Every structure is written in structure tokens, then in C-alpha cells.
Amino acid sequence: MRVLGIETSCDETGVALYDGEHGLLAHAVYSQIAIHAEYGGVVPELASRDHVRKALPLIREVLDEAGLTREDIDAVAFTAGPGLIGALLVGTALGRSLAWALGVPAVGVHHMEGHLLAPLLEDSAPAFPFVALLVSGGHTQLVDVTGVGRYRILGESLDDAAGEAFDKTAKILGLPYPGGPALSREAEQGDPTRYRFPRPMTDRPGLDFSFSGLKTFALNTLREAEAESGGSIDAQTRADIARAFEEAVVDTLVIKCRRALRETGRRRLVLAGGVSANRRLRARMGEALAAEGCEAHYPRPELCTDNGAMIAYAGWQRLAAGATEPLLFKPRARWPMEELAPLTPAIETEI
């Protein structure tokens, strides 16, 4: 079964073709960074309009790359939520209409399930069960995964998600959009010993996160540095603050992941979502888990951010199990993962 995947939940238009026998055939992503950079963040109406402009050309590009035509599509999967409702409407309307015109089944996919399953596209795919850290601009969640659709939320952010905190702190430091990658680049030049930021909620039991306080701590540190210098800070101070912030977020995520693995008894951790591409996070997490005899699994960097490949694969999983979307589709700006139907028997034993 060849599944066309369409992702339009926020500011990236992603399209891909996944084949149940041959794997990922082709994928393409168009980023709207240039459009939103002028405003310092995503403008929902502009995002929706650009999805309208780019979705069909990307479908043609992916089909050409795979050497296929529309008649070779066996099913269509599209992101039905969560996300920006206007952006979701573009992908859901296009995906459902295209499936109807081709006479093939369609299915709406949960955006975060797509991220969670993305590492299964790799050659070294993790076996069930595992703990997943979903970490992006809109979500920071720890999930116990015992099968496709069998998800138990262990902890989540009580305020800002990690990616959101990255973006807001970058703006505080006067860094360009998109803030998260810009802050990480700045942090590469920072002195890790100059500032020490707190590791929020790591001194108490539980697996929830809170990152809004780190943003405030960064702001206060910046103001103190400006007061000491009698004006604006120099480039090194900006880099040092960025490094302290990144170190605090990374350490917090590592501490919570190790705690989740110990509490569940799992030996495998999956990291997915845009922030999972952070090089410092990958290195620190890999070292920490290796020391405890655990494994860390990631999707390739290009599949960490929003993309059509993860939607095509997650859609293939659900379509193969018989799920379909009726003509009366309904995108959802909010959609708890616990509401997803389980597809496979729970696998509780560790290998």
C-alpha cells in the first residue's frame, strides 16, 4: 500500500510517499521561515495561505521523485491535529478531497503520533515497549509506549514547552527567527561556567516539566548584565547566557528521561520532535543512557521537524489496521493523545 502523507499543522508544508513494502519512497518539505521572520513568529493566516500555495506543487514534486503518478496512490494520510486550525483545514480538505477524487481511503493522523513513530522509519528502529520524549515548540511530553496507539502520558510541561522556551529566550537575547536554532548556534560560543541556571522541577518527585521560569531567569540575568555594563551586553555575554539556558534545558530533559526509564523499567528511549535535533541534547542523552545500559533512538534530523514522511508512516499504520476518515472530516486544534485508538497488542516484556 502506497500512502501519500500531507502535513500542514503549522509553518511547514510536508508531503511524502510511504510504501509498506519498500519504505519511504520520496518526501519534500517547504519551510515558511522567510515569510514569518519579518514578524518574529508564526502568523497563522499567512501560514494557511502559504500551505494553499505550496501543497499541490509539493505533491507533484514527490510523485515525480518517486517516478509515480496519482493513480499509483493507494491511500492518503493527512494531519488532522493538533495545530493551527486554519493550517490544518488546508491539509485535511486537500487530503480528503484528493482521496475522494482518486477513490482511495483516507485517514486523519495525530501530529504527535507522527513524531513519536518517526524513529521507526530508521534502519535501527526501536522495538516496543519504550519511553518517548516528545519535545517541540508546542509540546514536551514523556509517554510510555507499549504499541502503536497504546500511549500513557507520564509527564508533560505545565507551561511553556521546551521549544517555546527556546524561541522566547532567543527573542529576549535579540536573536533572529527561528529562535531555537539561533540560540543553539549562539550557545556554541558560550562559556558553560559563567552562569548557572536552575534545573526546574528536578528537585521533587514526578515527571512534569516547567520551562517558563527559565525564560524569566534568562531575562533577569540579561538585565543584571546590562546594568553592570552600563548599557547593552557584548557578544560573549549573550553567548554565555544562551549556553547557560541551553545547558539547563538539556540537563532537565536528561534527568526526567532517566527518571522515567527507571520508574517504568524500560530500556529504550525515543526522542522526537524539533528540539530532538539539538546536538547537545543528543550527545548528553546518549552518554547518560549508555552509562545505565539503556538505548537512545532518534529520527534523522530532517525527520525531527514537521514533515510528511512521519504522517505517511503513521497513516499507513492506521490504514493497514482498517482505519478510515469519513467524508465529514474534522480537524482538531487540540487533541489529547490518550484519545487515539490502539492498533496493536500491548508489548510489556523487555528484550
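Source: prediction; values computed, not measured.
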Yes or no on side chain to side chain contact (heavy atoms under 4.5 Å, CB included) for Glu302 and Asn307, after CA distance, side-chain angles and deciding distance?
CA-CA 8 Å; Glu302 66 194 84; Asn307 62 87; over 6 Å; no

Step-by-step side chain to side chain contact (heavy atoms under 4.5 Å, CB included) determination, Met112 to His139
CA-CA 8 Å; Met112 297 311 295; His139 298 82; 3.5 Å; yes

Between Ile59 and Arg70, is a side chain to side chain contact (heavy atoms under 4.5 Å, CB included) present by the stated rule, with each step listed?
CA-CA 9 Å; Ile59 291 175; Arg70 285 179 298 177; 5.6 Å; no

Going through the distances and angles, do Leu116 and Val270 end up as a side chain to side chain contact (heavy atoms under 4.5 Å, CB included)?
CA-CA 8 Å; Leu116 188 151; Val270 160; 5.6 Å; no

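Residues Asp159 and Ser210 have side chains that bring a donor and an acceptor to within less than 3.5 angstrom of each other. Checked by atom type, the side-chain pair Gln236/Asp191 shows no donor-acceptor distance below 3.5 Å. A donor atom on one side chain and an acceptor atom on the other are not found under 3.5 Å apart for Arg53 and Thr13. In this structure, a donor-acceptor pair under 3.5 Å is absent between the side chains of Ser184 and Glu186. Thr237 and Asp240 form no side-chain donor-acceptor contact under 3.5 Å, judged by distance and modelled atom types alone. Between the side chains of Tyr151 and Glu113, at least one donor N or O sits under 3.5 Å from an acceptor N or O. Ser212 and Asp160 form no side-chain donor-acceptor contact under 3.5 Å, judged by distance and modelled atom types alone. Between the side chains of Ser124 and Glu122, no donor-acceptor pair is found at a separation under 3.5 Å.
Considering every non-hydrogen atom in both Leu24 and Leu17, the closest pair reads CD1-O, 3.5 Å. Taking both residues in full, the closest heavy atoms of His36 and Ala47 are given as CE1-N, 3.7 Å, listed atom of the first, atom of the second, then distance. Closest of all the heavy-atom pairs between Ala225 and Tyr195 is CB-OH, 4.0 Å. Between Ala161 and Ser136, the closest heavy-atom pair is CB-O, 3.6 Å. What you find for Ile33 and Tyr177 is that their closest heavy atoms are O-CE2, 3.8 Å. Nearest heavy atom pair, residue Ala314 against residue Gly114, reads CB-CA, 4.1 Å.
Evaluation of the ring pair (Phe, Tyr, Trp, His ring centres under 6.0 Å) rule for His51 yields no partner, not counting sequence neighbours. Shown here are the ring pair (Phe, Tyr, Trp, His ring centres under 6.0 Å) partners of His27, two or more places apart in sequence or in another chain: there are none. Under the rule for a side-chain hydrogen bond (donor to acceptor under 3.5 Å, both in side chains), the partners of Arg199 that lie at least two apart in sequence or sit in another chain are Asp251.
Judged by distance alone, with hydrogens and angles left aside, the side-chain atoms of Asp72 form a donor-acceptor pair with the main-chain N or O of Thr69 at under 3.5 Å. In this structure, Arg2 contributes its side chain and Ala75 its backbone to no donor-acceptor pair below 3.5 Å. Lys171 places a side-chain N or O within 3.5 Å of a backbone atom of Gly40 that can act as its donor or acceptor partner. Side chain of Tyr18 to backbone of Trp316: no donor-acceptor contact under 3.5 angstrom is found. Judged by distance alone, the side chain of Arg282 and the main-chain N or O of Ser276 form a donor-acceptor pair under 3.5 Å. A distance-only check finds a donor-acceptor pair linking the side chain of Asp167 to the backbone of Gly180 [under 3.5 Å]. Checking side-chain atoms of Asp306 against main-chain N and O of Glu12 turns up no donor-acceptor pair under 3.5 Å. Using a distance-only test at 3.5 Å, with no hydrogens or angles considered, a donor-acceptor pair links the side chain of Arg268 to the main chain of Pro129.
Contact check on Glu325 versus Arg96 returns no salt bridge, with no Lys/Arg side-chain nitrogen under 4.0 Å from an Asp/Glu carboxylate oxygen. By the 4.0 Å N-to-carboxylate-O rule, Arg60 lies too far from Glu65 to be salt-bridged with it. Using a 4.0 Å cut-off between charged nitrogen and carboxylate oxygen, Arg262 and Glu292 count as a salt-bridge pair. Arg259 has no carboxylate O lying under 4.0 Å from a charged side-chain N of Glu263, or vice versa, which leaves the two without a salt bridge.
Glu247 pairs with exactly one of Arg284, Arg194, Arg196 by the salt bridge (Lys or Arg N to Asp or Glu O under 4.0 Å) rule, that one being Arg284. Tested against Thr79 for a side chain to side chain contact (heavy atoms under 4.5 Å, CB included), the candidates Thr92, Leu88, Ile6, Thr8 yield a single pass: Leu88. Of the candidates Thr140, Val143, Val275, Leu134 forms a side chain to side chain contact (heavy atoms under 4.5 Å, CB included) with just one, namely Val143.
Counting only heavy atoms from C-beta outward, the side chains of Val131 and Leu142 approach each other to under 4.5 Å. Residues Thr264 and Arg152 have side chains in contact (heavy-atom distance under 4.5 Å, counting atoms from C-beta outward). Side-chain contact check for Met337 versus His110: some heavy-atom pair is nearer than 4.5 Å. When side chains are defined from C-beta on, Met1 does not count as touching Glu21, because their heavy atoms never get closer than 4.5 Å. Taking the side chain as every heavy atom from C-beta outward, Ile172 and Lys215 approach each other to under 4.5 Å. Residues Thr169 and Leu183 form a side-chain contact, since some pair of their non-hydrogen atoms from C-beta on lies under 4.5 Å apart. Put simply, the side chain of Leu117 does not reach to within 4.5 Å of the side chain of Met310, judged on heavy atoms. For the pair Leu84/Ser9, no side-chain contact is recorded, criterion being any heavy-atom separation below 4.5 Å from C-beta on.
Few gaps surround CD on Glu188; more than 12 heavy atoms of other groups in view lie less than 6.0 Å from it.
Tyr313 and Val15 fall into different hydrophobic clusters, where Ile, Leu, Val, Met, Phe, Trp and Tyr residues are linked whenever their side-chain heavy atoms come under 4.5 Å apart, directly or through other members. Put simply, Leu25 and Ile311 are part of two different groups of oily side chains (I, L, V, M, F, W, Y) that touch within less than 4.5 Å, one to the next. In the hydrophobic clustering of ILVMFWY residues, with side-chain heavy atoms under 4.5 Å counting as a link, Val148 and Leu133 come out apart.
In this structure, the separation between OG1 on Thr252 and CG on Leu214 is 6.0 Å, given to the nearest 0.5 Å. Here Leu303 contributes atom CG and Tyr298 contributes atom OH; the two are 15.5 Å apart, rounded to the nearest 0.5 Å. To the nearest 0.5 Å, atom CG of residue Leu253 and atom NZ of residue Lys256 are 10.0 Å apart. The CD atom of Gln317 sits 7.0 Å away from the CG atom of Leu343 when rounded to the nearest 0.5 Å. Distance check: Met285 CE to Asn278 CG gives 10.0 Å after rounding to the nearest 0.5 Å. Distance check: Leu102 CG to Ile73 CD1 gives 5.5 Å after rounding to the nearest 0.5 Å.
Between Phe78 and Phe329, the ring planes lie perpendicular to each other; the angle is over 60°, past the 30° to 60° tilted range.
Between Phe211 and Phe166, the distance separating the two ring centers is not shorter than 6.0 angstrom.
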